[in-house]
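In what follows, chains are A, B, ... by sequence order, proteins preceding strands, each numbered from 1.
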There are 4 protein chains.
Amino acid sequence: MARLSAKVRREEFIIAAARVIATTGVSGATTRKIAAEAGAPLAALHYCFESKEALFQALYEEQIKTMGESTWTIKPGIGVAETAAAMVPQLMEWYEQEPDYAQASGDLMFWSHHNDRALAELGVNAALEVMRETLRKGVSGPEERKLVEPLATLVLALTDGLLLQWLTFKDTQLRDKGVAAAMRALRCFAN
Amino acid sequence: MARLSAKVRREEFIIAAARVIATTGVSGATTRKIAAEAGAPLAALHYCFESKEALFQALYEEQIKTMGESTWTIKPGIGVAETAAAMVPQLMEWYEQEPDYAQASGDLMFWSHHNDRALAELGVNAALEVMRETLRKGVSGPEERKLVEPLATLVLALTDGLLLQWLTFKDTQLRDKGVAAAMRALRCFAN
Amino acid sequence: MARLSAKVRREEFIIAAARVIATTGVSGATTRKIAAEAGAPLAALHYCFESKEALFQALYEEQIKTMGESTWTIKPGIGVAETAAAMVPQLMEWYEQEPDYAQASGDLMFWSHHNDRALAELGVNAALEVMRETLRKGVSGPEERKLVEPLATLVLALTDGLLLQWLTFKDTQLRDKGVAAAMRALRCFAN
Amino acid sequence: MARLSAKVRREEFIIAAARVIATTGVSGATTRKIAAEAGAPLAALHYCFESKEALFQALYEEQIKTMGESTWTIKPGIGVAETAAAMVPQLMEWYEQEPDYAQASGDLMFWSHHNDRALAELGVNAALEVMRETLRKGVSGPEERKLVEPLATLVLALTDGLLLQWLTFKDTQLRDKGVAAAMRALRCFAN
DNA sequence: GATGAATGAGCGTTCATTCAT
DNA sequence: TATGAATGAACGCTCATTCAT
């Protein structure tokens, strides 16, 4: 019970941290604000996490894990071109459904550059791996295998880039045009 | 310290701010660190800028301006496909030559999301406009005009996304593969 | 520093603030000086009070309360004339016994004019009410009731005015002459 | 011309200081605010005055001088009682006509306690002397001479005290009642 | 185990003042 | 002489963290 409670508390702090970072950025995300957002006493934060940095790491790691566990609606063997194309709108949709996580994820990406390069690399590598795995599921022929790697890079770059534009404008129309263009680019790249 | 024109001083603070942000991130970029990096007394910072925030804005605005003034080696009338393709390596090269500005620019992009949304939009809009203008120079036929807009979005998204990967790994080989893939994607998108 | 109840700590800061204000005036009463005077770390001040202003308010409010709780040696039914006359030396004596509070009280009176007018009015109203109440205790006949209000004003004005002179010269002889004159004026005013 | 200009400038700074002190109190009266209020460059203040303190002293001295030069409408030989009584409303009227000077004067009185005791004493002594002189003009018989000293003390104390109440409430009715009471007290004191 | 109390370090900013011209 | 430029010192305050209970 106590063990569980601690786990639950950790999770609550992580969620609160995401919300606060999404609102104020990393530089404005103080322990006080996070504790308040979590509805927990300030000292509890350091009871659950060694430091604020550790909390941010945990959040970033969780976001990486979440991305890995995300379910993609991909028809197996549909071909890498269609698979890659299908990934873009699905990712962007997830960003829209979880705007706090999307925003915080970007903030933490840059934060990790300055505070934990290994984690930063882990994050991008994890994302790349997710792309690869998903693409592999769609592979329809042996010669398509060679396309998995560059497509993974492309899909990640495109979705990151489009996320930036989305976070800036929050403009659905603009986003959809970008998504359509990205899909077409990926399709013809792979054909 | 010798008497300097306010303009020179401002510029020095801006350069120092870029370096400090590139090293520590926005959250670690304190006025004292920036002043030390600039070799100036702390009070001088507030003599030149109303606030730390104003300094960051000035830096971000300058980066936007710099991007607009960057010279592209584009052969006029070469066609939008080739133009778009040519832009990717040129931008990435600039990022490599100015790593501090590249890193700080990313940090400030997210910082502006939380502190000055108008500036954030200005930044992305400026970048998009640069892409459009450059693409227009390469337009070879009237039917290519329609491609300028989606290509601008794509080039920006791709280069932003590749910058993220580059900032994370600083791996030249990886970057070149990404650049090659992006170029191919853009070429076949436009043909 | 040992663990202290928040109440005790607050009180210590208030006393320290009174001493510092009495010495340096409000404009010289910095948080650092007050904390040093209280023998407490600077951060503790802001743990107990929201701001320096809040500490000053608390001090001023306490002084108002203290004044209300002060015990007057008044024989009931002695008549308003004698009561009013008796109040002057008693108040001046208290000022002499608590010179820091007397001085700080004057400083804060003017400080409150500029920072919290409501508090300033509260202070004077509280003082007036104390005068009224005390005078009422001395009332010996129904026709004296009408004298309570003007006497309250007069006693307060006279004691404030004499306090100013006392704070300036700290001259006991001078003060006693002033007190004697004030007593005579009040006596014959009421007869 | 230049000499005159310097003199004029000094005067302008003094007037500006009075206004700023009246508005913000001594603690909020910064050199910048005063210079701005005077419409003069900041450095000019230190060109005219050795320090901010010197400016405040000059202001306080001028206020003392002004008080000495104030013209009283006193009928000679009317008797000390009537003279004293007549002084109260005249002073209060002057306070109403020059609210900034009245407020600043009070602030500076307490400021001088902490920064220049000699000046503080000078101020009160000057005020007392003004009271004495004016009272002497009204003396109607030799036996009234003895009343000049205590009356001077009383008039000053009463007007200071009433000023405090006036500055706090800015309530004309209340002030007039206080003035009436003070006049009656002075009259019967001297008869 | 859980938390209110406490704090050293450092924050962004403003101050009165001086200096170079 | 007159002033924009410049600054050391200090300001009020908040930070992440620890400690006593």
**Student:** Got a sec: does the CD of A/E11 have more than 12 other heavy atoms crowding it under 6.0 Å?
**Tutor:** yes
**Student:** So which one's nearest nucleotide on DNA chain F is more toward 5', B/C48 or C/K33?
**Tutor:** B/C48
**Student:** How many Å lie between CD on A/E53 and C1' on F/dC15, as a whole number?
**Tutor:** 15 Å
**Student:** B/Y47 side chain N/O closer than 4.0 Å to the phosphate oxygens (OP1, OP2) of F/dA5?
**Tutor:** yes
**Student:** May I ask which nucleotide in the shown strands pairs with E/dA20, Watson-Crick or G-U wobble, both distances under 3.5 Å?
**Tutor:** F/dT3
**Student:** Take atom CD1 of C/I34 and atom P of F/dA10, then tell me their distance rounded to the nearest Å.
**Tutor:** 17 Å
**Student:** Checking all strands, does C/L42 fall into the base, sugar-phosphate, or nothing category for heavy-atom contacts under 4.0 angstrom?
**Tutor:** base
**Student:** Round to a whole Å and report the spacing from NZ of D/K7 to C1' of F/dA2.
**Tutor:** 20 Å
**Student:** For E/dA16, take OP1 and OP2 only and decide whether either is under 4.0 Å from a side-chain N or O of D/S51.
**Tutor:** no
**Student:** Counting only Watson-Crick pairs (N1-N3 plus N6-O4 or O6-N4) and G-U wobbles (N1-O2, O6-N3), all under 3.5 Å, who is the partner of F/dC11?
**Tutor:** E/dG12
**Student:** Side chain of B/K52, heavy atoms from C-beta onward: which of F/dT18, E/dT13, F/dC15 has the nearest atom to it?
**Tutor:** E/dT13
**Student:** Measure the CZ-CG distance between A/F110 and B/D107 for me, rounded to the nearest 0.5 Å.
**Tutor:** 6.0 Å
**Student:** Does F/dT3 have OP1 or OP2 under 4.0 Å away from a side-chain N or O of D/R9?
**Tutor:** yes
**Student:** Please report, rounded to the nearest Å, how far the C1' atom of E/dA5 is from the CZ atom of C/R10.
**Tutor:** 15 Å
**Student:** Measure the distance from CZ on B/F49 to C1' on E/dT14 and round it to the nearest whole Å.
**Tutor:** 18 Å
**Student:** Write down the distance between CG (A/L45) and P (E/dG1), rounded to a whole number of angstrom.
**Tutor:** 17 Å
**Student:** Just say parallel, tilted or perpendicular for the rings of A/F56 and A/W111, cut-offs at 30° and 60°.
**Tutor:** perpendicular
**Student:** Ignoring hydrogens and angles, tell me if any N or O in the side chain of B/T24 forms a donor-acceptor pair with the backbone of B/I21 under 3.5 Å.
**Tutor:** no
**Student:** Taking CZ from A/R32 and P from E/dG4, how many angstroms apart are they, rounded to a whole number?
**Tutor:** 13 Å
**Student:** Which is true for C/T30 with a 4.0 Å heavy-atom rule: it touches a base, it touches only sugar-phosphate, or it touches nothing?
**Tutor:** sugar-phosphate
**Student:** Just compare F/dG4, E/dT13, F/dG12 and give me whichever is closest to any side-chain atom of D/P41.
**Tutor:** F/dG4
**Student:** I'd like to know if the side chain of A/H114 reaches the main chain of B/A22, judged simply by a donor and an acceptor atom lying under 3.5 Å from each other, with no hydrogens or angles considered.
**Tutor:** yes
**Student:** Could you check D/H46 against B/T31 and say which one's nearest nucleotide on DNA chain E is further toward the 5' end?
**Tutor:** B/T31
